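Remarks on the structure that follows.
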Amino acid sequence: MSRLDPSLLAGLPPFSGMDHDALKDLLVGATPLRHPKGAHIFREGEDAHSFFLLLDGYVRVVKLAPDGEQVIVRFITSGELLGIAKALSRDSYPANAVAAADCVLLSWPSRSWDSIIAVHPGFATNTYAMVGQRLIDTHDKVVELATERVERRVANAVLNLAKTTGKATDEGILIDFLISRQDISEMTGTTLHTVSRLLSSWEAKGWIKSGRQRITLVESQTLKLLATARG
DNA sequence: CCATTAAAGGATT
DNA sequence: AATCCTTTAATGG
C-alpha cells in the first residue's frame, strides 16, 4: 500500500473546502502513475475505467476528425481532473488524452465515483464548477473559431498557454513545455505554415522569441492588444 | 486573407 | 541516417 500524503491534494481546486480527513479518505482509493511524454493516458471510445488527477506535467485533450485530422480541444495543467466520464454519466472517454510532457497522475476507479461524491459533496460541487467553466471556455472558443481571423486566434492560443503554463524568464514569459507550430495549428484551426509565418513576423517585430518547439512572450501586452482590439 | 504545395535546411534521436 | 520541425516562396481560392 502506498502512503500518499494528503498535502498532495490540499490547495488544489477540485478539493477546496475539504478537510484533512476527507483528503485522507480520498487518497485511500488512489493509485499514483506516470506517463512519459507522448503516451496516451486514455483513448476516445475506450471504457472509462478510471478518472485522474494530474499532479505534474501537461496533458493535451485531442479529438480525431473523420478524415484523420487532429484537433486539440484543451490542455490540462497540474491540479486538474481529467477523464471524469462518470460525472457526465458516460461509460466511455469522449476524447484522447496524451501526455504533452512527462506526467505524474493519481487515478481512481470510476466505479468509486458515486460513493466518493456521496461522502464528499464538496468534491461534487467543485467538479460541477469545473465542468461549467470548461463548458464556458468551449463556448468562447466556438465563437472565436467562427468569427475571429487566424492571427487573433493564434495570439489568443499563445496568450492562454502563457497564462496557464508560463514561466517568467529574463527574456519574458516562456511557455513551459515543448509545443510545435503543428500543435498550435491544431488548437486554432489553421495550418502549421500559417502559424510559422505569424510567429516569424511577431518575432521580427520583437513581440516574441521563438525557436524549435519553444515560445517566449516578450511583449505580451502588444499581443493582448492584437488579440482583443477591434479594427 | 488564408490554404495548399513544394522545396530546402536545421534539429533531434 | 532517418525523422521531425521550421521557414520561405509560389500559386490559387
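Computation of the quantities below employed the complete heavy-atom set of this structure, encompassing side-chain atoms and omitting hydrogens, waters and symmetry-equivalent molecules. Residue numbers begin at 1 in each chain, while the letters A, B, ... track the order of the sequences. Just so we're clear, the structure is a prediction, and the values are computed from it rather than from any experiment.
Where DNA chain C meets chain A (any atom under 4.0 Å from a heavy atom), the bounding nucleotides read 5' to 3' are C/dC4 to C/dA9.
With hydrogens and angles left out, the side-chain atoms of A/Thr77 and A/Glu80 include a donor and acceptor closer than 3.5 Å. For A/Arg181 and A/Thr191, the side-chain atoms include no donor-acceptor pair closer than 3.5 Å. A donor-acceptor contact closer than 3.5 angstrom links the side chains of A/Glu151 and A/Trp202.
In summary, A/Lys37 and A/Asp102 do not engage in a salt bridge, as defined by a charged side-chain N under 4.0 Å from a carboxylate O.
One interatomic measurement links the two molecules: CD of A/Gln213 to P of B/dG10, which rounds to 18 Å at whole-angstrom precision. Look at CZ on A/Arg214: it is 13 Å from C1' on B/dT12, rounded to the nearest Å.
Checked options A/Lys224, A/Glu148, A/Glu144, A/Lys141; the residue passing with A/Asn156 is A/Glu144 (criterion: side-chain hydrogen bond (donor to acceptor under 3.5 Å, both in side chains)).
Within the 4.0 angstrom heavy-atom criterion, only backbone atoms of the sugar-phosphate kind lie near A/Arg181; the bases stay farther away. A/Thr191 comes within 4.0 angstrom of a nucleotide base, judged by non-hydrogen atoms across all strands.
Ring geometry for A/Phe51 against A/Phe123 counts as tilted: the plane angle lies between 30° and 60°, on a 0 to 90° scale. Relative ring orientation between A/Phe52 and A/Tyr93 is described as tilted, the plane-to-plane angle lying within the 30° to 60° band.
With sequence neighbours excluded, no residue forms a side chain to side chain contact (heavy atoms under 4.5 Å, CB included) with A/Ala204.
Near DNA chain C, meaning a heavy atom under 4.0 Å away, the residues from residues 192-206 of chain A are A/Leu192, A/His193, A/Ser196, A/Arg197, A/Ser200.
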